[in-house]
Amino acid sequence: MKERIVGQAISIEVAVDNVFAWYRDAGVDEALFDCPLDRFEAAEIAKTNAPPVSVAPGVEAPDVPLQRGGSPRSLPHTMPTRVPIVDVAAMDIASAAVDLAGLRESLAVFEGCPLKQTAKNLVFGEGNPNASVMFIGEAPGADEDREGRPFVGVSGRLLDRMMASIGLDRDLAYITNILPWRPPGNREPTPAEVTACLPFIQKHIQLVAPSVLVLVGGTAAKTLLTRKEGIMRLRGRWLEYKPAETVDSIPALATFHPAFLLRSPAQKSNAWRDFLMIKKKRET
Ligand code: URA
């Protein structure tokens, strides 16, 4: 009997190995979620506004846009999630930080966002902590995750060139992201992940205290402007980031994410117009 059980265990192990080998050969090298997601059904939802995507029985569907970089074609957030308005524990931890070093330390011990478990590094932010312009992107990608620095990959290099075109660089500006950890497979972050980390980016802005915010891509724009419109509607005009009733608002300009511009170069002329607005604002 014991031998039979041992034999079965071995054959299950071999079967699991085969499944992993099959996944690997098919290019599946990263787990994105805790439960399966029917992407065919998700695509149908995007077209028809049909009811929620089904996942394994009893498991809540993740709210999963399919494309990173603030593309206007991202899957709308139609799937159900229980998202708190604000993570109270995160708010307490973030508000205790008195400077950027303290905020980095509090993020390093914060366990309220599951992305931390799959990320290699915390990507906090970099640049001039006294900058008058603060750029905020979405979340680190693979290169940023590896280096622990924001916007260092292909889209980061494009952002550097865009900044240089209006006389900015990382010694003059400050750069960070809504999320400090990379979503696996570079997927767009879920609303629950954004909510978990929101108090930290709010505190980050308060500590840098810029005169101008540049919201790079749809996730940063929608999150910090608390607007539902996509980046196509939000970009190209001065809006206000209002952290709290009692605090002065900060002029904020939303613009296209460089990852989106790399896929849609025809939009570069609009991004150039946005950057000229930033230049003009700095000169006044
Ligand atoms: N995309 C982002 O939004 N942020 C990064 O740091 C890198 C890519």
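Note that the numbering runs from 1 along the sequence shown for the chain. Both ligands and their constituent atoms are indexed starting at 1 by order of listing.
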Using a 6.0 Å cut-off, check whether atom CZ of R237 has over 12 heavy atoms from anything other than its own residue.
yes

Name the one of T223, V194, N177 that satisfies side chain to side chain contact (heavy atoms under 4.5 Å, CB included) with P189?
V194

Indicate, as side chain, backbone, both or neither, the part of E138 found under 4.0 angstrom from ligand 1 when only non-hydrogen atoms are considered.
both

Note: heavy atom closest to atom 5 (C) of ligand 1, options G156, P189, P150, A139, belongs to A139

In terms of ring plane angle, is the pair W181 and F110 parallel, tilted or perpendicular, where the classes change at 30° and 60°?
parallel

Which ligand 1 atoms are under 4.0 Å away from a heavy-atom of G137?
3 (O)

Could a heavy atom of S155 be found less than 4.0 Å from some atom of ligand 1?
yes

Run down the list V216, V154, L159, N177 and name the one with the heavy atom closest to atom 4 (N) of ligand 1.
N177

Charged N to carboxylate O below 4.0 Å: is that the case for E229 and R227?
yes

Between E126 and R170, is there a side-chain N and carboxylate O pair less than 4.0 Å apart?
yes

I'd like to know if R149 contacts ligand 1, where contact means a heavy-atom distance under 4.0 Å to any ligand atom.
no

Run the numbers for me: atoms of ligand 1, each under 4.0 Å from some heavy atom of H257, listed by number.
1 (N), 2 (C), 3 (O)

Taking only Lys NZ, Arg NE, NH1 and NH2, and the carboxylate oxygens of Asp or Glu, determine whether D160 and R157 approach each other closer than 4.0 Å.
no

